[in-house]
Amino acid sequence: MKGSKTMAVTIYYEQDCKPEVIKGMKVAIIGYGSQGHAHALNLMDSGVDVRVGLREGSKSWPIAEEKGLKVTTMDQAAEEADLIMMLVPDELQPQVYEEHIKDHLKSGNTLAFAHGFNIHYGYIKAPEDVNVIMAAPKGPGHIVRRQYTEGSGVPDLACVAQDATGNAWDIALAYCWALGGARSGIIKATFAQETEEDLFGEQAVLCGGLVELVKAGFETLTEAGYPAELAYFECYHEMKMIVDLMYESGIHFMNYSISNTAEYGEYYAGPMVINEQSREAMKVILKRIQDGSFAQEFVDDCKNGHKKLLEEREKINNHPIETTGAQIRGMFSWLKKAED
Ligand code: NAD
Ligand code: MG
Ligand code: MG
């Protein structure tokens, strides 16, 4: 169980995991959304005894059963299981935990998460005699499933917040193995590290930063009179090709593949767009994550009926980049819809 020591972290691969640890447990997956369907199906295909816990009347119930999964109520699933993985939305987890999970936790059980939000910020407090672990895929749920079926896997962060049984780490590692994470690497981290870096990444770079960058490029071109379709292909569609080159072979290979003109432009224009002000903003974003004020703002908006979230969602759904994109993607003969 040594793993490979790289710079600052230890990364674990298949030979470091003990699959028998998770194969010997009864696992409940609570929720069947983006992560829930991927965890349930990957674990089942890895030979783990899985049941999915859902609300009675949930529309996911027949869908999960059709895939060959055992489905029951959240209470029943939690009662039967040795390990309970919480995969309902973060903001609903405290209530679901209080109403359906807490009373079924037995000494030595394992409570598991795919993101550290509720444990790290103290919205869920688990009893001392249960393990609290995390298996957090570093990718969207549909990719966690797709890559597993293709024989690869999304890397995971594995973390232990409470070790009641003395083998919580083996359980976390084995769970990540069953998810397919050991095929590309399981990184040992803490709940604080996962929660803070995950929120920072999605806000500043992956989702917040990326969407604003693409939108700003699209708007600059269209406001200057260029056709929306051209702006879409340039600033949005081509993004994936550039990212694929970086993902597969590094920034140097992406730079090798693009023209010298493009590479020179990258060095000249990049720091004008992502400048000192952007870096200062990133520091503010990180600070608000670390001191819990982002978490509180999000929880308050949830209690307010998701007012801000829904307003912003409405705005982006009606943005010309979305309407242009939908038309263009509708013409692609090869594009398989993400929902399939
Ligand atoms: P989701 O919104 O896709 O799915 C939520 C599921 O929970 C629903 O499909 C439903 O089955 C169930 N649900 C919804 N409302 C419920 C209610 N009131 N009571 C009971 N069940 C209800 O959630 P998600 O994005 O898969 O997130 C689950 C967890 O995984 C979160 O902790 C999240 O931070 C983490 N995570 C998600 C991703 C991702 O790709 N979405 C990536 C890494 C970690
Ligand atoms: Mg993430
Ligand atoms: Mg996240």
Side-chain angles (χ1 to χ4, degrees), residues 28-42 51-65 67 69 71-78 84-102 111-121 123-124 132-148 153-159 161 175-176 179-181 186-187 189 191-210 285 289 294-295 298-299 302-303 305-306 309-310 313 338-339:
I29 303 293
I30 309 297
Y32 197 72
S34 176
Q35 287 294 324
H37 88 286
H39 287 233
L41 294 170
N42 291 7
R51 74 263 310 113
V52 177
L54 295 177
R55 286 168 292 178
E56 270 168 86
S58 160
K59 63 178 179 1
S60 300
W61 195 300
I63 298 171
E65 277 184 340
K67 296 278 187 187
L69 285 158
V71 184
T72 180
T73 61
M74 294 188 278
D75 286 88
Q76 181 62 30
I84 299 154
M85 172 54 97
M86 299 288 285
L87 294 177
V88 301
D90 292 309
E91 68 274 18
L92 297 178
Q93 287 183 14
Q95 193 192 342
V96 165
Y97 174 78
E98 284 299 316
E99 292 177 5
H100 302 287
I101 308 297
K102 197 176 74 175
L111 187 62
F113 296 86
H115 176 45
F117 192 94
N118 284 296
I119 294 294
H120 180 58
Y121 293 117
Y123 296 113
I124 292 178
V132 179
I133 68 165
M134 177 160 33
K138 292 288 90 189
H142 295 90
I143 308 294
V144 173
R145 178 58 183 159
R146 187 194 301 168
Q147 292 199 349
Y148 180 94
V154 167
D156 295 316
L157 293 196
C159 318
Y175 187 100
C176 292
L179 259 184
I186 303 164
I187 304 165
F191 268 63
Q193 285 171 335
E194 187 282 336
T195 307
E196 292 172 4
E197 63 80 21
D198 186 71
L199 292 172
F200 178 79
E202 65 204 18
Q203 291 176 22
V205 181
L206 304 173
C207 311
L210 179 61
I285 290 163
I289 291 166
F294 167 75
F298 172 63
V299 167
C302 298
K303 288 189 180 139
H306 295 292
L309 180 81
L310 296 177
R313 186 182 291 169
E339 305 90 280

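Sequence positions, counted from 1, serve as the residue numbers for this chain. Both ligands and their constituent atoms are indexed starting at 1 by order of listing.
Counting all heavy atoms, side chain and backbone alike, T195 lies closest to F191 at OG1-O, 2.7 Å.
In D198, the N, O or S atom that comes nearest to the Mg ion (ligand 3) is OD2. Closest N/O/S atom of E202 to the Mg ion (ligand 3): OE1.
Distances from ligand 1 to the non-hydrogen atoms of H142 include no value under 4.0 Å. Ligand 1 has at least one atom lying under 4.0 Å from a heavy atom of G141. Contact analysis puts M74 in contact with ligand 1, with a non-hydrogen atom separation below 4.0 angstrom.
Atoms of ligand 1 lying under 4.0 Å from at least one heavy atom of Y32, given by number and element, are 9 (O), 11 (O). Remark: ligand 1 atoms within the under-4.0 Å shell around heavy atoms of P140 are 40 (O). Every atom of ligand 1 is numbered from 1 in the order shown, and the set under 4.0 Å from a heavy atom of P137 is 43 (C). Within the listing of ligand 1, atoms 31 (C), 32 (O) sit less than 4.0 angstrom from a heavy atom of Q93. Per-residue contacts place G139 under 4.0 angstrom from the following atoms of ligand 1 (heavy atoms of the residue considered): 40 (O), 42 (C).
By heavy-atom distance, the residue among A136, A64, G31, S34 lying nearest atom 3 (O) of ligand 1 is S34. Nearest residue to atom 27 (O) of ligand 1 from V88, I63, D156, V52 is V88 (criterion: closest heavy atom).
With a heavy-atom cut-off of 4.0 Å, Q95 does not touch ligand 1 at all. Contacts between R55 and ligand 1 below 4.0 angstrom, taking non-hydrogen atoms only, involve the side chain exclusively. By the criterion of a heavy-atom distance under 4.0 Å, the side chain of L92, and not its backbone, is placed next to ligand 1.
Inclusion of H115 in the set of residues having an N or O under 3.5 Å from an N or O of ligand 1 is not warranted. Any N or O atom pair closer than 3.5 Å counts here, and S60 shares no such pair with ligand 1.
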Next item on the list: Evaluate the criterion side chain to side chain contact (heavy atoms under 4.5 Å, CB included) for residue pair Y32 and L41; output intermediate values, then yes/no.
Entry: CA-CA 10 Å; Y32 197 72; L41 294 170; 3.8 Å; yes
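When atom types are taken as modelled, the side chain of E194 and the backbone of G116 share a donor-acceptor pair closer than 3.5 angstrom.
Looking at heavy atoms from C-beta onward, V88 lies out of side-chain contact with Y97 at the 4.5 angstrom threshold.
One side chain, H120 or E196, offers a donor N or O that lies under 3.5 Å from an acceptor on the other.
Atom CD of E65 has more than 12 heavy atoms from other residues, nucleotides or ligands within 6.0 Å.
Taking CG of D90 as the start and CZ of F113 as the end, the distance is 9.5 Å to the nearest 0.5 Å.
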